[in-house]
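The block underneath contains the structure these notes are about, expressed in structure tokens.
Sequence positions, counted from 1, serve as the residue numbers for this chain. Numbering of ligands and ligand atoms starts at 1, following listing order.
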Amino acid sequence: MIGVDVNPIKVEMLGSGHAPVSEPSLNELIAEGRRAGRLHATMDLKLAVSQSEISFLCVGTPSLHNGSLDVSAVKRSCEEIGKALRSKKEFHWIVLRSTVLPGTAKSLAIPTIEAASGKRSDVDFAVCVNPEFMREGCGVADFLNPTVIVLGADDHAHLTPLRELYAESPGQIFETSLGVAEMVKYVCNAFHALKVTFANEIGTLCQQLDVDALAVMKVFMSDTRLNISRAYLTPGFAFGGSCLPKDVRALASSAKQLDLDLPLLRAIMPSNRAHLERAVEAVLATKCKKIGVVGLSFKSGTDDLRESPSVQLIKRLLGEGCQVQIWDEDVSLGRLVGFNRHFIEEEIPHIGVLLSTDLEEVVRRSEVLVVGAKALNEETILAMLRPDQFVIDLRSLGPVAQPPRKWPVTRCYRPSPPPDRRDGLTSGAITGEAVLHE
Ligand SMILES: NC(=O)c1ccc[n+]([C@@H]2O[C@H](COP(=O)([O-])OP(=O)(O)OC[C@H]3O[C@@H](n4cnc5c(N)ncnc54)[C@H](O)[C@@H]3O)[C@@H](O)[C@H]2O)c1
């Protein structure tokens, strides 16, 4: 290990076997490494690159005044590594360990190193992303006993030395793309921040309502099926139904009455609405007017139409002058009874008349097919589609597909590219990876 820093005090400390930061067990580890001759420190990056196979980039990535990420230290160290690589014959790995936004490895690190070294990525060097998940204060323990290890590269063959390096680690290893590796660190930290904020807002509301917040959260945390679980964490369509919107609104309204500022709880319904609006925009961006909707109820396996986001979506499309036809399994099987039949007939009769029992006809007549929560498997739908049709799959916000694809299908309901670029919409299998690109 050769530690490199531009800060001479850190180099001096590491070089003399002392930890430059205060962390339990770190001093002992560094002293031991130094004694055994396995740890060196220098300000000479060229020397370090020439005598090593892998450069781990752990420079700071602080916030700028406007909140954006300052990647100047990443750029500078990539330039320096690139210069050092000019005189190196052997292949070299550069592993981004700093927290950086998706695209940094591809659009900043690789081109900077290529320009400074005159060498080519994948041929002379490889850039990988290996985000750091340890917490300050228990960094050594977290490093030695990680939950997950994320190794990102666009060519997984480049991950061989990292695989070897982490072979003894107990953490679950995920080999993934550069972008996923970069993003996952932010998702973790955003979720942790969200959890703290959620608990604090609930605690504040409980206090004002004279309810024991700790007792509430104890029960809440005991539900590992829906609460502390994987449930509800797959990116897809807006939530709906008879309970979630009603109860979220009631909590937000209760906070308002108590004159409590709880922005997170208040933001849930507007965020859900914005998500629905993105689906509307995606349909409108196709400039097509004949829209088929497959699936009407708010979630698979139920026929509850109250506050169904698909119903809201259809209302918006009708308002924009679209001609909509709807197919729903329950309608086709004649299972729509009781409250829902009444709901359609009384509350949304203008939508009720758009329901069809003939799926093939709905698909055939559509220029855009919107696949809702309750839908058929993709083979059935793909078999009915023509190459000139668009598909907007609301069930899952999958990855962006690479061409070539069989159909001009999109599952991502973002409005780009512009509608006049229909040729730029390459196709994607419905459950496969989606979608819109050059
Ligand atoms: N601190 C943590 O617990 C933690 C946890 C996970 C991820 N991260 C991420 O790791 C990165 C580093 O965080 P940190 O807290 O260690 O930052 P830090 O600012 O404490 O340390 C960064 C070091 O990089 C050095 N440096 C800057 N430019 C350099 C260059 N061109 N060449 C050599 N050295 C250079 C600095 O002198 C400094 O010593 C950040 O992206 C951070 O978000 C940190």
Task: Contact check, M43 vs ligand 1, heavy-atom distance below 4.0 Å - done: no

Tell me the protein heavy atom at minimum distance from [atom], and give that distance in Å.
{"atom": "atom 22 (C) of ligand 1", "result": "G60 N, 3.4 Å"}
{"atom": "atom 43 (O) of ligand 1", "result": "T99 OG1, 3.3 Å"}
{"atom": "atom 15 (O) of ligand 1", "result": "E136 OE2, 4.2 Å"}
{"atom": "atom 12 (C) of ligand 1", "result": "C58 O, 3.2 Å"}
{"atom": "atom 20 (O) of ligand 1", "result": "K10 NZ, 4.0 Å"}
{"atom": "atom 44 (C) of ligand 1", "result": "E132 CG, 4.9 Å"}
{"atom": "atom 30 (C) of ligand 1", "result": "V6 CG1, 3.6 Å"}
{"atom": "atom 11 (C) of ligand 1", "result": "V59 O, 3.4 Å"}

Is the shortest side-chain N to carboxylate O distance from [X] to [Y] below 4.0 Å?
{"X": "D154", "Y": "K106", "result": "yes"}
{"X": "E277", "Y": "R316", "result": "yes"}
{"X": "E32", "Y": "R38", "result": "yes"}

State whether any protein heavy atom lies less than 4.0 Å from [atom].
{"atom": "atom 18 (P) of ligand 1", "value": "no"}
{"atom": "atom 35 (C) of ligand 1", "value": "yes"}
{"atom": "atom 24 (O) of ligand 1", "value": "yes"}

Task: Residue pairs involving residues 47-100 (criterion ring-ring contact (aromatic ring centres under 6.0 Å, His included); sequence neighbours excluded) - done: F91-W93, F91-H158

Can you tell me how far apart [atom1] ([X]) and [atom2] ([Y]) are? Round to the nearest 0.5 Å.
{"X": "E23", "Y": "R135", "atom1": "CD", "atom2": "CZ", "value": "10.5 Å"}
{"X": "I94", "Y": "C78", "atom1": "CD1", "atom2": "SG", "value": "7.5 Å"}
{"X": "L47", "Y": "T42", "atom1": "CG", "atom2": "OG1", "value": "5.5 Å"}

Decide if atom [atom1] of [X] counts as having more than 12 heavy atoms of other residues, nucleotides or ligands within a radius under 6.0 Å.
{"X": "R120", "atom1": "CZ", "answer": "no"}
{"X": "N7", "atom1": "CG", "answer": "yes"}
{"X": "L233", "atom1": "CG", "answer": "yes"}

- [ ] Within a distance under 4.0 Å of any heavy atom of T61, pick out the atoms of ligand 1 and give their elements.
- [x] 40 (C), 41 (O), 43 (O)

Task: side chain to side chain contact (heavy atoms under 4.5 Å, CB included) involving R225 - partner list, sequence neighbours excluded - done: D223

Task: Region of M134 engaging ligand 1 - heavy atom pairs below 4.0 Å - done: backbone

- [ ] Using distance alone, determine whether R97 and ligand 1 share an N or O pair under 3.5 Å.
- [x] no

Open item on the list: Please report whether ligand 1 has a polar contact with D5, defined as an N or O pair separated by less than 3.5 Å (distance criterion only).
Closed with: yes

- [ ] Between A48, A73, S98, flag the one that comes closest to atom 10 (O) of ligand 1 by a heavy atom.
- [x] S98

